[in-house]
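Heavy-atom basis, side chains included; hydrogens, waters and symmetry copies ignored. All ligand and atom numbering here is 1-based and tracks the order in the structure.
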Amino acid sequence: MSEHTYTLEHARQLDQEDPLARYRDEFYIKQDQIYFDGNSLGLLSKRAEQTLLSMLHSWRDLGIDGWTEGEHPWFYLSEKLGEQLAPLVGGKPNEVIMTGSTTTNLHQLVASFFQPKGKKNKILADQLSFPTDIYALQSQLKLRGLDPETHLVKVASPDGHMLNEDDIIEAMSEEIAVIILPSILYRSGQILDMKRLTEEAHKREILIGFDLCHSIGSIPHQLSEWDVDFAFWCNYKHLNGGPGSVGGLYVNQRHFGKTPGLAGWFSSRKDRQFDMDHQLTAADDVGAFQMGTPHVLSVAPLIGSLEMFQEAGIENIREKSLKLSGYMLQLIDHELKDYDFKIRNPRNDDNRGGHIFLEHPEAARICKALKANNIIPDFRSPNGIRLAPVALYNTFAEVWEVVQTLKAIMKEEQYKQFENKRGVVA
Ligand SMILES: *Cc1c(COP(=O)(O)O)cnc(C)c1O
């Protein structure tokens, strides 16, 4: 590596060569602030704002008729957005729907697909899973009268950061009925090999579903080609759908016709819903897994946001994301080697998701010092710093600036001005 690699001039050169650079202007970016938290809450774009306002206006102007009239009739919105998002997960248009949240969708999918039979009555997850996923699985087991202590099997991590796919496969015993795993681990950013895990699960007649919260909008997926059974995710991280944005779910068409575990009148075939019959005629595609009235205003920003992903192309987004994080790793190795940071994300491109994960004993107050320097990181208790350079709106120059600031914080011991304690949301 030549010394030139580590100069701001080089970073600016990379920005000039960046084919996605123009998207930065589409977002509301605060002057003098560097936002590296797009993997927790993505920023607002002008197009997302526009579609939210347009939805509000359809309510103002159309009242009840907004369900079937206007630019985006509400009655068909969940399905339409599912079609629009399908290419991002590699699903067919009628395999994807925008509804619920990560947690409620997981409940729905487990209620639908976990069908314990004889000895095959356990769920397999992992020790590093996001807590809400584990809570949902525990309550689904309890609802069936099964003890989560014995019926929720969690694959251990050898180092507390990554999972080993061989260990997961080894845990696929005859007793496992369903597997729930993340596509990308929320702390280390490790990408699991979804194709391989799905193949191995199916060899053992186990159904498998993935939590895509950290991969949706960040990396490409081929869920249908890999034959994944189902998946679920939130849209407020890399997809920039806004705080509390409606989530999404995918069900492989092989399972169409299955009775939804948690039914509601929006599970209905669209042309039968207003028959108001007490006998549900469920939709014959993914629509069956919706429950109630869609949260129209909370889904509206996605219309504009998804348009940008379609236009920019997820392959291009992934390419830039890898360049940004790869560049950041180079700079961290070079500039921060004297300061006790441990890089906990995978280094190679095939396994690395969209963010960098550093550990440091002083992480909480280093994050506070970053904030005091107008840089927004993401602290993960007890000693983790997540930094997400996002392809659609961050720059190589910002990556350079963040690493230089981290260096100054350590060198000048700026972090010592703060308490090493976490805030409420972190
Ligand atoms: C962000 C995230 C969630 C959040 O679930 P909600 O229902 O949207 O609150 C769940 N799982 C993972 C892995 C996440 O990263």
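- Counting heavy atoms under 4.0 Å from ligand 1, residue Thr104 does not touch it at all.
- With sequence neighbours excluded, the residues forming a side-chain contact (heavy atoms from CB on, under 4.5 Å) with Asn121 are Pro116, His151, listed by chain and number.
- When Leu406, Ile34, Val403 are each tested for a side chain to side chain contact (heavy atoms under 4.5 Å, CB included) with Leu387, only one passes: Leu406.
- When hydrogens are left out, the protein atom nearest atom 1 (C) of ligand 1 is Lys237 NZ, 1.4 Å; that is the closest non-hydrogen contact.
- The distance criterion of under 3.5 Å between nitrogen or oxygen atoms is not met by Thr132 with respect to ligand 1.
- Of the N and O atoms on the side chains of His255 and Asp229, at least one donor lies less than 3.5 Å from an acceptor on the other residue.
- Under the side-chain contact (heavy atoms from CB on, under 4.5 Å) criterion, Lys142 pairs with Pro148, sequence neighbours left out.
- Atoms of ligand 1 found under 4.0 Å from any heavy atom of His214 (numbered from 1 in listed order, with element): 15 (O).
- With ligand atoms numbered from 1 in the order given, ligand 1 contributes 7 (O) to contacts under 4.0 Å with heavy atoms of Ser101.
- In this structure, the protein non-hydrogen atom closest to atom 9 (O) of ligand 1 is Tyr236 OH, 3.6 Å.
- Judged purely by distance below 3.5 Å, without hydrogens or angles, the side chains of Arg386 and His355 never pair a donor atom with an acceptor atom.
- Some N or O of Asp211 is nearer than 3.5 Å to an N or O of ligand 1, by distance alone.
- Shown in contact with Asp133 at under 4.0 Å from a heavy atom are these atoms of ligand 1, numbered in order with element: 10 (C), 11 (N).
- Atom 5 (O) of ligand 1 has its closest protein heavy atom at Thr102 CB, 3.3 Å.
- Looking only at protein heavy atoms, the nearest one to atom 7 (O) of ligand 1 is Thr103 OG1, 2.6 Å.
- When ring centroids are compared, Tyr250 and Phe232 stay outside the 6.0 Å threshold.
- Inspection of the Ser157 and Asp159 side chains reveals an N or O donor paired with an N or O acceptor under 3.5 Å.
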